[in-house]
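Worksheet: one structure, shown below.
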Amino acid sequence: MAKPMPATQLATVLRDAITRLNRRVRQTRPVGDLTGTQLSALTSLELAGALTPRELADVERVQPPTMTKIVAKLEERGLVRRTPHPTDGRQVILAVTDPGRTMLAQFERARNEWLAGRLAELTPEERDVLRQAAEILQKVARD
């Protein structure tokens, strides 16, 4: 049996592997011209339900003028809609449209298909190890 790796070394190796996998999964996308930044904003908006442009900028960690440009592109494509804020007439609320949800589903499907293809190349034992690792990572990620 191999000697256990120190936690600090494991943290480095694991973080690197997760980062590389995440980057590769994010690069997998169906044909289309939605940028990574636009996709991220659309995903954040879908997860939140509805946000003001400022709130979305904060979630995405970009400046409001940058978010204004991103939202304009998404709105131009019919992926996001603006509605008046219920209590502040100076604000608007952004929400994902049905075509936006369809676009997100296409991206998710493409990513899942890519990852499933890569996992299919592994042995059943390796896939079982990854299943166990996924459960452990869920435990580590809990608040």
Side-chain angles (χ1 to χ4, degrees), residues 4-143:
M5 187 181 291
T8 54
Q9 185 180 358
L10 177 58
T12 300
V13 170
L14 188 58
R15 187 179 42 78
D16 181 58
I18 291 169
T19 299
R20 288 172 185 261
L21 178 61
N22 188 41
R23 184 178 303 126
R24 184 58 187 93
V25 169
R26 280 186 289 130
Q27 290 171 346
T28 303
R29 51 180 56 181
V31 175
D33 60 349
L34 201 63
T35 68
T37 306
Q38 292 166 346
L39 180 61
S40 179
L42 193 62
T43 300
S44 292
L45 198 52
E46 175 66 7
L47 291 173
L51 296 170
T52 67
R54 177 62 189 223
E55 290 168 335
L56 184 55
D58 289 346
V59 167
E60 290 294 303
R61 297 181 182 201
V62 298
Q63 293 300 313
T66 301
M67 186 51 64
T68 298
K69 293 175 186 173
I70 294 167
V71 168
K73 292 287 186 184
L74 293 172
E75 192 175 24
E76 182 180 295
R77 295 186 61 181
L79 305 176
V80 168
R81 74 173 170 281
R82 296 172 188 253
T83 57
H85 193 285
T87 60
D88 185 347
R90 301 166 296 164
Q91 295 274 351
V92 295
I93 298 292
L94 303 172
V96 178
T97 62
D98 287 339
R101 283 186 195 87
T102 299
M103 175 79 68
L104 287 171
Q106 289 171 346
F107 274 80
E108 184 174 345
R109 190 170 34 259
R111 290 172 172 179
N112 286 343
E113 287 172 3
W114 175 84
L115 186 53
R118 297 304 300 259
L119 293 173
E121 297 170 4
L122 302 176
T123 66
E125 294 79 17
E126 289 171 324
R127 286 194 301 272
D128 189 55
V129 168
L130 285 177
R131 181 195 53 75
Q132 292 173 42
E135 291 172 6
I136 295 167
L137 288 171
Q138 291 285 351
K139 184 177 177 180
V140 169
R142 271 190 238 141
D143 291 336

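- To the nearest 0.5 Å, atoms OG1 (Thr19) and CZ (Arg24) are separated by 15.5 Å.
- Counted within 6.0 Å of CZ on Arg118, heavy atoms from surrounding residues, nucleotides or ligands total 12 or fewer; the atom is thus considered open.
- Summarising the geometry, atom CE belonging to Met103 is positioned 4.0 Å from atom CZ belonging to Arg77; distances are rounded to the nearest 0.5 Å.
- Residues passing the side-chain hydrogen bond (donor to acceptor under 3.5 Å, both in side chains) test with Glu76, sequence neighbours excluded: none.
- Counting heavy-atom neighbours within 6.0 Å of Gln138 CD, excluding the residue itself, gives a total of 12 or less.
- Of all non-hydrogen atoms in Ile93 and Pro86, the two that sit nearest each other are CG1-CD, 4.2 Å.
- Counting heavy atoms from C-beta outward, Leu137 and Leu14 have side chains that approach closer than 4.5 Å.
- Checked by atom type and distance alone, the side chain of Thr97 never pairs as donor or acceptor with a backbone atom of Arg81 at under 3.5 Å.
- Nearest heavy-atom pair across Gly49 and Ala95 is O-CB, 4.1 Å.
- Judged purely by atom type and a 3.5 angstrom limit, Arg101 uses its side chain to pair as donor or acceptor with the backbone of Val96.
- Remark: Glu108 does not engage Arg111 in a salt bridge, criterion side-chain N to carboxylate O under 4.0 Å.
- Counting heavy atoms from C-beta outward, Pro124 and Arg127 have side chains that approach closer than 4.5 Å.
- Within 6.0 Å of the CD atom in Gln63, the count of heavy atoms belonging to other residues, nucleotides or ligands does not exceed 12.
- Between Asp128 atom CG and Thr123 atom OG1 the span is 9.5 Å, to the nearest 0.5 Å.
- Considering only heavy atoms from C-beta on, Glu55 stays 4.5 Å or farther from Val59 through its side chain.
- Taking 4.5 Å as the limit, every side-chain heavy atom of Val62 sits out of range of all side-chain heavy atoms of Leu56.
- Between Ile70 and Met67, the closest side-chain pair of non-hydrogen atoms falls below 4.5 Å.
- In this structure, the separation between OG1 on Thr43 and CG on Leu104 is 4.5 Å, given to the nearest 0.5 Å.
- Between Leu42 and Phe107 there is no side-chain heavy-atom pair separated by less than 4.5 Å.
- To the nearest 0.5 Å, the span separating CD1 on Ile136 from CZ on Arg131 amounts to 9.5 Å.
- Legend: residues meeting side-chain hydrogen bond (donor to acceptor under 3.5 Å, both in side chains) with Thr68, ordered by chain and number and at least two apart, are absent.
- In this structure a side-chain-to-backbone donor-acceptor pair under 3.5 Å is missing from Ser40 to Gly36.
- Using a cut-off of 4.0 Å between Lys/Arg side-chain N and Asp/Glu carboxylate O, Glu135 and Lys139 are scored as not salt-bridged.
- Under the 4.5 Å side-chain criterion, counting only non-hydrogen atoms from C-beta, Thr52 is not in contact with Asp88.
- Arg82 CZ: more than 12 foreign heavy atoms inside a 6.0 Å radius.
- Separation of atoms CG (Asp58) and CG (Leu51) is listed at 9.5 Å; rounding is to 0.5 Å.
- In this structure, Lys73 and Thr35 have side chains that are not in contact, with every pair of non-hydrogen atoms separated by 4.5 Å or more.
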